[in-house]
Amino acid sequence: MTALTTLAASVHLASVETIIAAGVFVVLMLGAFRGDRSLVPLTWVGVGILALAGVHLAIVPHGGATGFGGLYIGDAFSTFLKVLILAGAAASMVLALPYLKTTSTGRFEYPVLIMLSALGMCMMVSANDLLTLYVGLELQSLAAYVLAAFHRNEAKSSEAGLKYFVLGALASGILLYGISLVYGFTGTTSFTALHGIVRGTATADIGTLIGLVFILSGLAFKIAAVPFHMWTPDVYEGAPTPVAAFFAGAPKAAALGLLLRVAIGAFGGMTLDWRQIVTFASIASMLLGAVGAIGQTNVKRLLAYSSINNIGFALIGLAAGSREGVAAVLFYLAVYLVMTLGSFLAVLQMRGPDGEPVETLAALSGLSRTRPGLAAAFAVFMFSLAGIPPLLGFWPKFAVFQAAMDSGLYVLATVGVVASVIGAYYYLRVIKSVYFDDPAPAFAPTDSRVNTGLLTAAALFCSPLGMLAITPLVGAATRAAAALL
Amino acid sequence: MTFPVLSVLVLLPLLGAAWILLAPGGEDARAANARVTALVVTLLELALGIALWLTFDTSTAAFQFVERIDLFAPFLSWHLGIDGIALMLIMLSVFLMPFCILASWQSIHTRVPEYMAAFLLMETLMLGVFASLDLFLFYLFFEGGLIPMYLIIGIWGGARRIYASYKFFLYTLLGSVLMLLAMIYMVSVAHTTDIPTLLTFDFAPAAQPWLWLAFFASFAVKMPMWPVHTWLPDAHVEAPTAGSVILAGVLLKLGGYGFVRFSLPMFPQASANLVWIIAVLSVVAVVYTSLVALVQTDMKKLIAYSSIAHMAFVTAGLFVFNTQGIEGGIVMMLSHGLVSGALFLCVGVIYDRLHTREIAAYGGLANFMPRYALFFLLFTMASVGLPATSGFVAEFLVLLGSFGASTWLSAGLTMGIILGAAYMLYLYRRVVFGTQERKEVLAMPDLSGREIAILLPIALAVLWMGVYPTSFMVPLRAPVRNLLARLHGAAPRPENTVVATAAGTRIALSGSAK
């Protein structure tokens with residue numbers, strides 16, 4: 001009986017994941033029998049399932065209860081990230097519909113794969129064991145590999161899928177190797193146990209340390225932190241735009257959340273050891289993301305470098321290693337998710353006369369004359385990504401700098417602000433094209449009211465009006481961070 | 001609850017901008033609506049500003065009209081309030097704005113609604129800077145001003161507008177982010193973002209130089225001080241006339257305001273120890289940029305360089321640690337705001353007619369544009385610092401103050417005055433005197449009613465400030481006295497007690513009379 005109650009409690013703890021898993025099968029079966037023409041209703045069913053899972057987040061325990069023999073944890077930290085993941089996944093499903101239709105890639109697997117990926121991400125952020133982490137990460141990644149190659153008739157998309165798969169598999173291997181080392185030297189894979197062991201030893205065991213380095217490397221690949229970022233521009237460029245939008249959003253949030261949990265939750269006692277690694281990755285990402293973007297002529301590649309750059313800033317908060325730092329990262333992720341989804345929504349509006357996608361920066365020239373609303377949205381997202389106050393995108397950067405300064409990381413913060421100035425240059429380039437240049441041929445008018453609505457909502461959120469969201473967002477992020485530290 | 005006058009003052013232009021952008025109608029109707037709305041809003045702002053001045057209590061250094069809402073916790077709060085220094089700079093801003101709108105009435109004919117909205121947005125951000133009592137709210141307004149100015153230069157600017165807009169944006173951004181770090185540090189030490197509290201907080205002497213330098217990086221770029229001034233000539237030359245006016249009239253004052261509000265009172269020891277940086281850079285700037293101004297062939301560029309020289313007077317004055325110097329520095333800011341703004345408007349007048357800024361293209365204007373020549377002469381003289389103009393009061397006070405600190409500093413600054421007279425008179429001679437044969441130049445009409453309506457009020461203000469500066473200095477007294485009390489003990493050498501004999505100096509000395 002007790003075994004049953006324990007199981008019931010564990011399933012209850014993982015009810016969000018259970019709902020998504022059950023929903024995936026329903027959608028898959030419906031799709032298999034009804035075919036691709038049911039893509040639109042299936043997408044909305046998928047959104048409904050994710051929404052249902054989201055509602056459940058309020059019910060499931062999030063006070064730090066563990067389940068499945070300590071493999072799984074439900075705390076405020078995972079809840080915060082799951083909200084981001086579900087929102088990001090749902091938005092990515094909806095915003096893809098017009099694109100899938102015009103490029104005749106409208107297959108019913110699209111919502112299924114996104115949901116599977118979301119399931120994996122939810123597992124990742126709730127992982128309390130290195131193996132749960134691995135399983136969740138693989139589930140997320142495998143779905144993502146397929147998504148990258150979703151436009152299967154196009155060579156670029158297949159190339160993106162293959163690149164992503166090969167490099168991703170390599171990263172998974174590195175991660176798994178690290179996990180085995182840690183297990184070998186500490187005798188456990190549980191975060192709770194690791195936390196106790198690592199804290200207990202006065203000096204870090206060299207084997208554990210090497211294992212940790214491998215684990216961090218594997219995770220750095222998933223968040224596209226330098227020096228494991230090479231796949232990002234190619235994959236973003238090659239993958240269908242809505243897929244790139246998805247990649248840039250929720251999976252980054254999930255993987256960075258996971259990184260936080262591993263670094264602070266499991267290896268919190270080794271902060272001084274991993275801080276230098278994170279600091280390096282942070283500085284390198286910020287600088288390379290800023291410099292690498294300067295020469296880009298493709299908007300999607302530019303946004304890929306922008307995401308590398310932004311992850312570098314978010315890592316500053318992790319390097320701080322304090323509760324404020326974690327809260328800053330979570331706040332950063334929330335705002336980043338909206339900014340990046342919004343930017344891609346704006347890119348999705350770039351369509352030639354026949355509705356075909358356009359991706360060059362030059363095509364944006366003079367957009368402010370032909371589509372003033374879209375131009376304003378671009379300006380909001382670019383200034384926001386560049387971190388110029390009073391746009392909302394400034395405040396997460398501010399929060400991570402504040403955390404770094406409080407932790408005495410003055411050099412890191414200084415490099416960070418300098419990198420933000422370098423980065424501002426290429427965001428300004430986009431605005432320059434949009435506002436200063438003579439008009440290029442106009443884009444086709446918008447083809448989806450839902451996307452226009454989403455775009456407007458995202459732009460309003462990133463505008464100074466979004467500052468009204470600071471208090472609740474930071475409050476939630478601080479409570480979530482308190483669960484870790 | 002009292003009427004939140006500062007919030008209204010700050011947010012009203014924003015509402016106007018929103019209405020201009022969202023107003024329906026055809027292109028012409030929207031443009032007309034934009035012009036009228038912008039003018040009405042800026043005039044309302046001016047009226048509000050005058051009301052503010054009339055009800056302002058000049059006897060105290062405390063912040064007035066304070067309002068506070070903890071809207072964006074934990075990062076910042078909506079906390080506004082002004083002292084006399086902020087009041088005068090707010091007055092300068094609201095005074096210049098209607099003329100900017102009027103000056104753009106006809107010269108801007110593309111994308112009028114966006115243009116007017118950008119200017120109103122600019123006004124919100126400038127007033128916000130002067131009215132903020134929260135450290136990060138200040139930063140938000142300070143930095144946010146980059147966005148509209150970037151767009152104004154980039155969209156409506158001249159041939160090299162894109163280069164100039166980038167340079168303007170990135171230069172000032174780099175300076176500001178270092179200040180941001182210093183602010184974050186200050187808040188982490190003092191545990192408050194409240195400026196009045198920070199003004200009395202004593203930061204550790206070891207940390208002060210770093211904080212001071214970080215703030216200096218930002219304000220020196222904004223001022224701009226030599227050698228980080230190079231963005232200014234580019235930005236001025238490429239910006240549309242009204243953009244130049246706002247840039248010279250108000251945006252450059254943000255740096256000086258920053259020195260008075262932050263660097264001096266918050267880091268008094270560092271200010272005293274590092275004053276040599278300011279003194280050296282100021283003297284170099286005065287002499288060097290004046291020499292550069294002498295050889296310019298572009299009118300706007302010449303005035304831009306003269307702005308840098310005048311701003312060096314401001315920094316020199318602010319950092320001599322006595323009443324005359326600080327008051328002189330602030331009056332110089334006000335005077336320069338009016339005079340250089342007016343000079344840019346004067347250039348704009350003839351630029352609108354001939355579409356060139358080359359000095360060589362003009363000449364002999366006195367013969368067929370006498371009214372123009374008169375106004376231009378008045379502002380040229382004010383820039384040179386002729387008695388009975390605002391420039392004289394400012395330069396005299398700064399020199400008097402600097403004489404107490406160092407005679408070498410005074411000598412250097414005086415060189416600048418001589419050179420200033422040289423380049424301004426040289427400019428005036430080349431543009432206005434001589435003879436003119438070219439038909440298209442001779443065909444230029446004299447000032448229109450609209451243009452006189454723009455220049456006359458500024459001319460009157462310049463004369464008023466030159467003849468009876470007390471009106472403008474009364475609000476400054478209490479805050480400056482307060483500032484000096486804060487600096488006392490940190491000053492590099494005892495306060496100068498030279499009693500000047502010239503009648504004009506009584507104004508200055510009465511402020512420090514014990």
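For clarity, every value in this text was computed on a predicted model and none was experimentally measured. So you know, we letter chains A, B, ... as the sequences are listed, proteins then strands, and number each from 1.
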Practice task
For A:V421 and B:L170, work out which heavy atoms get closest and say how close.
Solution key: O-CD2, 3.7 Å

Practice task
Let me see the working for A:F436 and B:Y166 under ring pair (Phe, Tyr, Trp, His ring centres under 6.0 Å), right down to the final yes or no.
Solution key: CA-CA 12 Å; A:F436 303 172; B:Y166 275 121; 7.7 Å; no

Problem - Minimum side-chain heavy-atom gap B:R111-A:Y435 below 4.5 Å - result: yes

Exercise for the section: Would you mind checking which part of A:I422 comes under 4.5 Å of any heavy atom in chain B, side chain (CB onward), backbone (N, CA, C, O), both or neither? Expected result: neither

Exercise for the section: Determine the option with the most heavy-atom pairs under 4.5 angstrom with chain B, choosing from A:Y425, A:W395, A:Y410. Expected result: A:W395

Practice task
Decide yes or no for B:L140 and A:M467: does some side-chain heavy atom of the first lie under 4.5 Å from some side-chain heavy atom of the second?
Solution key: yes

Completion exercise
Distance col, row B:M183:CE vs A:M405:CE, nearest 0.5 angstrom, shows 12.0 Å

Handout entry: Heavy-atom closest contact (B:G144 atom, A:P390 atom, distance)
Key = CA-CD, 3.9 Å

Problem - Heavy-atom side-chain proximity of A:T471 to B:L71 below 4.5 angstrom - result: no

Completion exercise
On a heavy-atom basis, the closest approach of B:I184 and A:Q402 is CG2-CA, 3.4 Å

Handout entry: Close side-chain approach of A:D437 and B:I162, heavy atoms under 4.5 Å
Key = yes

Problem - Within-4.5 Å side-chain heavy-atom neighbours: B:E143 and A:P389 - result: yes

Exercise for the section: Pick one of side chain, backbone, both or neither for B:S176, based on which atoms fall under 4.5 Å of a heavy atom in chain A. Expected result: neither

Exercise for the section: Answer yes or no: does atom CH2 of B:W78 have more than 12 heavy-atom neighbours from other residues, nucleotides or ligands under 6.0 Å? Expected result: yes

Handout entry: Contact origin within A:F383 toward chain B - heavy atom pairs under 4.5 Å
Key = side chain

Problem - Segment of B:Y150 engaging chain A (4.5 angstrom heavy-atom cut-off) - result: both

Handout entry: Region of A:F394 in contact with chain B, defined by heavy-atom distances below 4.5 Å
Key = side chain

Problem - chain A interface, residue from B:F72, B:Y185, B:F141, B:W156 that has the most non-hydrogen pairs under 4.5 Å - result: B:F72

Problem - Evaluation steps, ring pair (Phe, Tyr, Trp, His ring centres under 6.0 Å), between B:F136 and A:F398 - result: CA-CA 10 Å; B:F136 295 123; A:F398 172 81; 4.5 Å; yes

Handout entry: Atom group of B:L151 that falls short of 4.5 Å from chain A, counting heavy atoms
Key = both

Exercise for the section: Would you indicate whether the side-chain heavy atoms of A:V418 and B:V177 approach each other to under 4.5 Å? Expected result: no

Problem - B:E114 vs A:S368 side-chain heavy atoms within contact, under 4.5 Å - result: no

Completion exercise
dist A:L428:CG -> B:L173:CG (nearest 0.5 Å) comes out at 8.5 Å

